[in-house]
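Before any comments, here is the structure.
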Amino acid sequence: MDVDRVLVVGGGPAGLEAAHGVASLGRRVLLVEGRDELGGTPYASYATLTPDLSDATEAMRGMIDRITDNPLVDVRLGTRVVASSGEAGGFRVALEGKDGEKREEAAAAVIVATGFQHFDPGRETQMYGYYEYDDVITLVDAEKMFREGRIVRPSNGEAPATVCFIQCVGSRDRQIGNKYCSKVCCGIASKQAIEIRRMVPGAKVFIFYIDMRMYGFWEDQIYWKAQEEYKVNYVRGIVTEVIRKGDKLLVKGEDTTMGRPMEVLMDLVILSVGMEPSRGTVEMSRIFGIPREEHGFLATVGGPLDTVSTPVPGIFVAGAAAGPKDLEDSISMGGAAAMKAAALLARMGEGALR
Ligand SMILES: Cc1cc2nc3c(=O)[nH]c(=O)nc-3n(C[C@H](O)[C@H](O)[C@H](O)COP(=O)(O)OP(=O)(O)OC[C@H]3O[C@@H](n4cnc5c(N)ncnc54)[C@H](O)[C@@H]3O)c2cc1C
Ligand code: SF4
């Protein structure tokens, strides 16, 4: 059985980068992806990427092609890891395909890159009416429309004259147990606001936020651009309720800058849903015995100085399986995990392991 290789679980941006990194170091990779295609969430669900609105499908296609064309990478689609035994240098895993057929495989090291899932707004404690009103949608629903080159009110198919984003839906909410910032949604909402203003130049676009969290260059590349070039209105406020009024949506809350109640009519409301660990990430915790940190993501041991080593020797994590991450973080972690896994194989070759 092939022990001299690295198992990568998850074929999103982090897993693709990890697989590419391991193969670039001359080592073999077994890449297991639960879906029928590689590319992860950006390939499956998004139209454009920050900061420059590049085409998500094209960008991910580049990452996918260099993996599928690589003879050192054995890709298994529609496959999940269902059991594992062994230790660093000699893991044995059971893989299950969609037909239910099981197969045992071996690997010296494992990189878990099973990512995140979008927060389900039905779990939100505020009353935003996602499952009640057609014109309340999420960032992900908006990306689906952008893929068709349009943004419309789902209720009547018409372009919206007024649009608002509600930030921090499912994030920074102690009541539902998500005590973290999802890191990307301020940037993504601002990116989408720019796209809406490009598609419907007459539309008025508002972003209701608790505080804007723009990291690094996004401040300049997205936030100021949205305000100055695209006239997006940022309103510091807390939205508590969305209800129907005639054929519009009445957004109620408090303008916290002015310190007064706020009620505004909107055609379209977009909920900035955050990131939670995916079902696969939770499964990997159970199957490989990787502890989860207090927010439910996979735990790492090195704090800021080692973002990819888990408490289980020989098992590394990359991307949003370890917490809310943007693409830059996910790709950097993929590279770091690849280097550490390949180093473990090299140590094995020198007899330093086992
Ligand atoms: C609305 C929204 C828009 C975003 N847009 C941007 C953006 O423009 N720019 C940016 O920098 N970031 C963006 N992000 C963040 C970006 O999506 C993540 O950084 C990135 O997808 C993380 O990559 P990943 O590979 O860790 O996880 P994912 O993309 O989630 O990929 C994980 C992969 O693992 C697979 N998997 C899961 N479980 C299993 C299992 N048990 N077995 C096998 N395979 C499994 C999944 O099918 C998936 O293919 C956005 C996030 C949100 C919420
Ligand atoms: S990135 Fe912005 S919208 Fe997302 S959780 Fe953090 S503060 Fe809220």
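Note that the structure is predicted; figures quoted are calculated from it, not measured. In listed order, ligands and their atoms are each counted from 1.
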> Does K183 approach ligand 2 within less than 4.0 angstrom via side chain, backbone, both or neither, non-hydrogen atoms only?
Replying inline: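 Looking at K183 and ligand 2, just backbone atoms fall under 4.0 Å.
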
With a 4.0 Å cut-off, would you call [X] and [Y] a salt bridge?
{"X": "R153", "Y": "E158", "result": "no"}
{"X": "D173", "Y": "K179", "result": "no"}
{"X": "D255", "Y": "R260", "result": "no"}
{"X": "E105", "Y": "R5", "result": "yes"}

For [X], the ligand 1 atoms whose distance to one of its heavy atoms is below 4.0 Å:
{"X": "G319", "answer": "26 (O)"}
{"X": "H118", "answer": "53 (C)"}
{"X": "E283", "answer": "41 (N)"}
{"X": "G40", "answer": "29 (O), 31 (O), 48 (C), 49 (O)"}
{"X": "V32", "answer": "43 (C), 44 (N)"}

> Strictly by modelled atom types, are D120 and Y131 linked by a side-chain donor-acceptor pair under 3.5 Å?
Replying inline: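 There is such a pair (donor and acceptor under 3.5 Å, judged by atom type) between the side chains of D120 and Y131.
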
> Are T79 and ligand 1 in contact, using a heavy-atom cut-off of under 4.0 Å?
Replying inline: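 Checking ligand 1 against T79, which is what was asked, there is a heavy-atom contact under 4.0 Å.
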
> Heavy-atom contact under 4.0 Å between M284 and ligand 1?
Replying inline: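 Within the 4.0 Å threshold, so yes.
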
>> Counting only heavy atoms, tell me which of G115, S278, G34, P51 gets closest to atom 27 (O) of ligand 1.
In response: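 Result: the heavy atom closest to atom 27 (O) of ligand 1 is in G115.
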
>> Taking 4.0 angstrom as the limit and counting only heavy atoms of S171, give me the atoms of ligand 2 inside it, by number and element.
In response: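 Near S171, meaning under 4.0 Å from one of its heavy atoms, ligand 2 has 5 (S).
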
>> Would you say atom 2 (Fe) of ligand 2 has C181 as a near neighbour, meaning an N/O/S atom of that residue under 2.8 Å away?
In response: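 Coordinating: no.
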
Closest protein heavy atom (residue, atom, distance) for [atom]:
{"atom": "atom 42 (N) of ligand 1", "value": "V9 CG1, 3.7 Å"}
{"atom": "atom 15 (C) of ligand 1", "value": "K325 O, 3.7 Å"}
{"atom": "atom 2 (Fe) of ligand 2", "value": "C186 SG, 2.3 Å"}
{"atom": "atom 35 (C) of ligand 1", "value": "E33 OE1, 3.3 Å"}
{"atom": "atom 4 (Fe) of ligand 2", "value": "C185 SG, 2.3 Å"}
{"atom": "atom 17 (O) of ligand 1", "value": "Y46 CE1, 3.4 Å"}
{"atom": "atom 13 (C) of ligand 1", "value": "I188 CD1, 4.0 Å"}

> Which of these, V269, V239, T240, sits in a side-chain contact (heavy atoms from CB on, under 4.5 Å) with Y128?
Replying inline: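 Answer to the side-chain contact (heavy atoms from CB on, under 4.5 Å) test with Y128 among V269, V239, T240: V239.
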
> If you measure from each heavy atom of S272 to ligand 2, is any distance below 4.0 Å?
Replying inline: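 No.
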
>> Using the rule given for ring-ring contact (aromatic ring centres under 6.0 Å, His included), can you reason through Y234 versus Y223, listing the C-alpha separation, both sets of side-chain angles and the distance that settles it, and then say yes or no?
In response: CA-CA 10 Å; Y234 286 80; Y223 174 66; 4.9 Å; yes

>> Can you tell me how far apart CD1 (I243) and NZ (K248) are? Round to the nearest 0.5 Å.
In response: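 Answer for the CD1-NZ pair, I243 versus K248, is 15.0 Å.
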
